[in-house]
**Q** 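Below you'll find the structure I mean.
In the text below, chain A, chain B and the rest are named by the order of the sequence lines, each starting its count at 1.
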Number of protein chains: 2
Amino acid sequence: MRHLPPLNALRVFESAARHRSFAAAGKELFVTSSAVSHQVKTLEEYLGLSLFSRSKRTVALTPAGEQYLTSVRHAFDEIEMATQRLTANQESKVVKISVAPNFLTRWLMPRMARFQALYPDIELEINASMGLLDFDRTSTDMAVYFGNGEWDDIEVHFLRKIMLVPVCSPQLLEGELPLEKPEDLAKHTLIYVRKRKWEWENWLHQSGVDFISARGSLQMSSGQLATAAAEEGLGVALADSTLTSREIKSGKLVVPFDIQLDTNRAFYLVYRKQRPLTIGMKAFKEWMMSEM
Amino acid sequence: MRHLPPLNALRVFESAARHRSFAAAGKELFVTSSAVSHQVKTLEEYLGLSLFSRSKRTVALTPAGEQYLTSVRHAFDEIEMATQRLTANQESKVVKISVAPNFLTRWLMPRMARFQALYPDIELEINASMGLLDFDRTSTDMAVYFGNGEWDDIEVHFLRKIMLVPVCSPQLLEGELPLEKPEDLAKHTLIYVRKRKWEWENWLHQSGVDFISARGSLQMSSGQLATAAAEEGLGVALADSTLTSREIKSGKLVVPFDIQLDTNRAFYLVYRKQRPLTIGMKAFKEWMMSEM
DNA sequence: CTCGATTGATGAGATTATTTCATCATTCTG
DNA sequence: CAGAATGATGAAATAATCTCATCAATCGAG
């Protein structure tokens, strides 16, 4: 037995809360602000509490209203996306893609011309974002993730392993501190990515180096920043060789030791489980599988 | 601008789909089956596709209907839980707890009498389940998780570190294969938990043992099964010393080497972020923090 | 084998929910 | 300062939802 509040009132509340305005909600829903006011009142009576605090000509959400809005928005996002997927045109040639900023600038954008040449009538809408997506609630079609591939409830397709090599500015090679053998790293600054300290630990272990601390360390919040810091000569970072190939070729970065860390992580193409692929998604998947 | 289907029709669809019956849905919703039939028809017309396939006196969900039900259920679960939280009695003395089966039988149940003595008017409703919960959609109040504590969007409170020691049946000590030094493990079966192979790898590394393979290995799907397999004399498992203290005391299990693996994992008490705690939740939290 | 019960479909009409309209109070802006 | 704008509220109009009646087709108990 399910207990749900009056759903039409909820729909009106969500709009009013999102706009912080009954008038704006009325416009969005094609009803008068009076209808909005009545529906909100109905919902507040049902719940036995206030969702808005009224102040002169404006309304503000109460803390309860804020909490409720968060959940109701989530729920309506899911309904909206599910409805959209059900009614979506399988022939669509537009694909919404989400990738990490680092991947976008270093790998995808340099190859965009090739994709467009091969698939001239497929249109990519690309969003740069970190972290995982909730495919129940996003309109994004596909994403490129990196990690161990163990994500539940989504379709995960292996693209390519991540192979990390140390990279630094050529300035560091010309500096007064030597950088000729892995042991020399002890006298340099190691650049880590937050939550991925193990990368350097594992690389050093694999290289047969066993030391407790380097001269110093620098912790960055993302791989992109870590690589940028290396380019600035701030120290040595570990980076995926494919993502930094352009910088290596141009001489902005050098690889002091060609020792690759074979991580258990890789790039993966992901999308919602059990989702039939549109023409655009099929094209993008096919291209990613062959290009990487 | 949000696009939602007719929500009352959706509510009726969800009930009919969940029951696989218009008649049952009518009973649940206190309307006639005719109303259900009309509402489902309205929704199918809106979507432009069928959600049910009709066959004589019964209905079955179409694949589209199944997909839609999954999402709509999720969404309604969230609305229902959010509404419940908003209207919940903060004075409630009933707490719904979810813990792993291993933790329940080995740690919580043996201490239940103590909890009830200390908090006689608090009622625990305990559910044993594996994996993480979605606190947006569950009515469970609190859970005990183990892991690295890095879970986003929930309130995480450290309880106690997990310290793993090797355990086995006393039979193994009396067997013909010696088990006196960690190196002797090479001739025994190591019992792993799926996805946690690193536990043995790290323990061996910490013990100064460096061998590539043992005589064999046995992979179990849960810690509970791994410990049970050890009790059966099938090999050596790694187990948390607190969880197995009763078996160790009773002699069902022995600790061949008192070398504890200091993992980065621990037990944590978790609940929904920003949720005001009921009296029952406060009591349970207080007790867990002091008891562990 | 038959008849009553059961399930779902459908159209017409009844009922209820939702909305508009009218009015009010209060503020804000040109 | 006057008109515009926002939200509240009650009465009445409108639209959505539901019941009722009927139908078709099956199933199960006697």
**Q** Consider the side chain of B/R54, meaning its heavy atoms from C-beta on, and name the nucleotide among C/dT10, D/dT9, C/dG8 that approaches it most closely.
**A** C/dG8
**Q** Below 4.0 angstrom from OP1 or OP2 of C/dA9, is there any side-chain N or O of B/S37?
**A** yes
**Q** Counting the atoms with a prime plus P, OP1 and OP2 as sugar-phosphate, which does B/T42 contact under 4.0 Å by heavy atoms, base, sugar-phosphate, or nothing?
**A** nothing
**Q** Going through the checks in order, is the ring-ring contact (aromatic ring centres under 6.0 Å, His included) test met by B/F284 and B/Y119?
**A** CA-CA 9 Å; B/F284 187 73; B/Y119 303 91; 9.1 Å; no
**Q** If you only use heavy atoms from C-beta on, which nucleotide in C/dG8, D/dC18, D/dG7 is closest to the side chain of B/F22?
**A** C/dG8
**Q** Check for a donor-acceptor pair, side chain of A/R54 on one end and backbone N or O of A/F52 on the other, with a separation under 3.5 Å.
**A**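 Checking the backbone N and O of A/F52 against the side chain of A/R54, a donor-acceptor pair under 3.5 Å is found.
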**Q** About how many Å separate CD1 of B/I97 and CG of B/L108, when rounded to the nearest 0.5 Å?
**A**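 So the CG of B/L108 and the CD1 of B/I97 are separated by 8.0 Å.
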**Q** Could you give the CG-to-P distance, from B/L7 to C/dT18, as a whole number of Å?
**A** 11 Å
**Q** Using the side-chain heavy atoms of B/A23, tell me which of these nucleotides is nearest: D/dC20, C/dT7, D/dG10.
**A** C/dT7
**Q** Which residue lies toward the 5' end of DNA chain C, A/P6 or B/R57, if each is placed at its nearest nucleotide?
**A**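 The residue closer to the strand's 5' end, by nearest nucleotide, is B/R57.
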**Q** Check the distance between D/dT6's C1' and A/K27's NZ and give it to me in whole angstrom.
**A**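 One finds 10 Å between C1' of D/dT6 and NZ of A/K27, rounded.
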**Q** What integer distance in Å separates B/H38:NE2 from C/dG13:C1'?
**A**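 Atom NE2 in B/H38 sits about 11 Å away from atom C1' in C/dG13.
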**Q** Of the nucleotides D/dC18, C/dG8, C/dG11, which one has an atom closest to the side chain of B/V59?
**A** C/dG8
**Q** Among C/dG11, C/dA9, D/dC18, find the nucleotide with the atom closest to the side chain of B/S34.
**A**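 Looking only at side-chain atoms, B/S34 lies closest to C/dG11.
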**Q** Please determine whether a side-chain nitrogen or oxygen atom of B/K41 lies at a distance below 4.0 Å from atom OP1 or OP2 of C/dT10.
**A** yes
**Q** Looking across every strand, which nucleic acid part, if any, lies under 4.0 Å from A/A35 by heavy atom: base, sugar-phosphate, or nothing?
**A** base
**Q** Without decimals, in angstroms, what is the distance between A/E45 CD and D/dT9 P?
**A** 9 Å
**Q** OP1 or OP2 of C/dA17 less than 4.0 angstrom from a side-chain nitrogen or oxygen of B/N8, does that happen here?
**A**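 No, no such contact exists.
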**Q** In whole angstrom, what separates B/L29's CG from D/dT19's P?
**A**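 Rounded to whole Å, this separation is 10 Å.
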**Q** Centroid separation under 6.0 Å, is that true for the rings of A/W107 and A/F267?
**A** no
**Q** Would you kindly give the CD-to-P distance between B/Q39 and D/dT17, to the nearest whole Å?
**A**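 Those two atoms, CD and P, are 5 Å apart.
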**Q** Between P on D/dG7 and CD on A/E44, what's the gap in Å once rounded to a whole number?
**A** 13 Å
**Q** Which part of the nucleic acid does A/V36 contact within heavy-atom distance under 4.0 Å: base, sugar-phosphate only, or nothing?
**A**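 Nothing, no heavy atom under 4.0 Å.
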**Q** Taking only side-chain nitrogens and oxygens of A/T32, does any of them come within less than 4.0 Å of OP1 or OP2 of C/dT20?
**A** yes
**Q** Could you tell me how the ring of B/W151 sits relative to the ring of B/Y268: parallel (under 30°), tilted (30 to 60°) or perpendicular (over 60°)?
**A** perpendicular
